[in-house]
Amino acid sequence: MSSIDNNTLKDLLTEKYGAHIGNIEESYGILDLFIKRESLREMVSDLRTAPQLEFNFLTSVCGIHFPEREGQELDVVYHLHSLYNNLRIRLHVLLSINDPVVPTISDIFSAANWSERETFEFYGVKFEGHPNLTIILNVEDMDYHPLLKQYQLTDATRTDKEDKYFGR
């Protein structure tokens with residue numbers, strides 16, 4: 001079987017999932033597909049099991065917070081790699097901060113287990129069907145998600161950061 005390129009991959013995926021793909025971009029030789037959460041599990045499973053694709057390596061699952069994008073504040077990103085084709089793809093699922101739920105893929109890729117837990121912990125994304133969605137890096141009673149951009153970076157009451165202390 002011959003290897004495929006990004007254009008072939010894009011054609012294959014838009015043919016099957018066209019209605020579930022919102023946007024396709026390419027940066028640094030990697031396809032970025034912005035997909036609906038309802039199609040995530042089926043698409044990931046197909047990418048892994050389809051003989052011509054063989055995306056058999058999940059590099060990471062991570063989150064990004066864009067507070068200025070109303071209704072799509074959270075971006076859950078899945079990095080997949082086809083070692084056979086030497087091809088990479090990123091799947092983006094955009095979520096509202098008010099409905100941060102996406103299905104787990106930890107049963108498809110066991111490597112997703114801890115990445116999903118970390119994304120839950122830091123961004124508050126709930127992975128529906130995850131076998132053990134608990135905090136792993138911070139204190140267990142933490143009641144906020146530290147990587148959400150909801151807090152000031154510095155304490156407004158501090159005076160030691162004023163310009164007058166630095167000769168300006």
Side-chain angles (χ1 to χ4, degrees), residues 1-66 69-138 145-148:
M1 173 133 306
S2 62
S3 65
I4 60 172
D5 61 4
N6 281 342
N7 290 328
T8 308
L9 178 60
K10 183 170 47 171
D11 293 343
L12 287 169
L13 292 174
T14 53
E15 182 180 318
K16 183 166 185 180
Y17 297 101
H20 298 277
I21 299 172
N23 194 14
I24 299 175
E25 299 172 2
E26 185 175 346
S27 59
Y28 301 103
I30 302 174
L31 276 181
D32 286 280
L33 274 71
F34 293 82
I35 64 171
K36 295 180 180 179
R37 77 175 115 190
E38 297 82 22
S39 61
L40 173 69
R41 287 185 50 80
E42 183 182 355
M43 188 179 291
V44 168
S45 183
D46 282 353
L47 285 167
R48 181 172 188 175
T49 59
Q52 73 271 26
L53 301 178
E54 295 187 53
F55 280 89
N56 52 6
F57 184 69
L58 176 72
T59 308
S60 71
V61 178
C62 59
I64 307 171
H65 183 213
F66 295 100
R69 289 193 326 208
E70 191 172 331
Q72 296 181 332
E73 295 89 357
L74 294 172
D75 187 354
V76 182
V77 186
Y78 299 83
H79 297 83
L80 298 164
H81 189 177
S82 172
L83 300 170
Y84 177 76
N85 294 306
N86 193 24
L87 205 57
R88 297 173 193 261
I89 190 170
R90 282 186 293 256
L91 302 177
H92 298 259
V93 179
L94 302 176
L95 304 170
S96 167
I97 195 99
N98 300 319
D99 184 23
V101 180
V102 69
T104 185
I105 62 163
S106 63
D107 56 330
I108 300 169
F109 284 104
S110 59
N113 189 318
W114 282 62
S115 295
E116 288 180 353
R117 289 175 71 180
E118 186 178 349
T119 304
F120 161 70
E121 182 174 351
F122 287 108
Y123 294 95
V125 176
K126 296 175 187 87
F127 292 89
E128 199 169 54
H130 192 281
N132 186 18
L133 197 59
T134 57
I135 291 177
I136 54 176
L137 297 171
N138 288 303
H145 305 286
L147 292 183
L148 292 179

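For the side chain to side chain donor-acceptor pair (under 3.5 Å) criterion with T104, the lone passing option out of H130, E128, E116 is E116.
Summarising the geometry, atom CG belonging to D5 is positioned 9.0 Å from atom CG belonging to L31; distances are rounded to the nearest 0.5 Å. The distance from the SG atom of C62 to the OH atom of Y123 is 7.0 Å, given to the nearest 0.5 Å.
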Go through the steps to decide whether L80 and L91 satisfy the test side-chain contact (heavy atoms from CB on, under 4.5 Å), and finish with yes or no. CA-CA 8 Å; L80 298 164; L91 302 177; 4.0 Å; yes
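Between L94 and F66 the shortest side-chain heavy-atom distance does not fall below 4.5 Å. Counting heavy atoms from C-beta on, the side chains of Y17 and D46 come closer than 4.5 Å. Residues L58 and I105 are in side-chain contact: their nearest non-hydrogen atoms beyond the backbone lie under 4.5 Å apart. With contacts defined as side-chain heavy-atom distances shorter than 4.5 Å, the pair T119/F127 qualifies.
Within 6.0 Å of CZ on R90 lie more than 12 heavy atoms contributed by other residues, nucleotides or ligands. The environment of E25 atom CD is dense: over 12 non-hydrogen atoms of other residues, nucleotides or ligands sit within 6.0 angstrom.
The aromatic rings of H92 and F34 sit parallel, their planes meeting at an angle under 30°, below the 60° perpendicular limit.
A search for side-chain hydrogen bond (donor to acceptor under 3.5 Å, both in side chains) contacts involving E118 returns nothing, not counting sequence neighbours.
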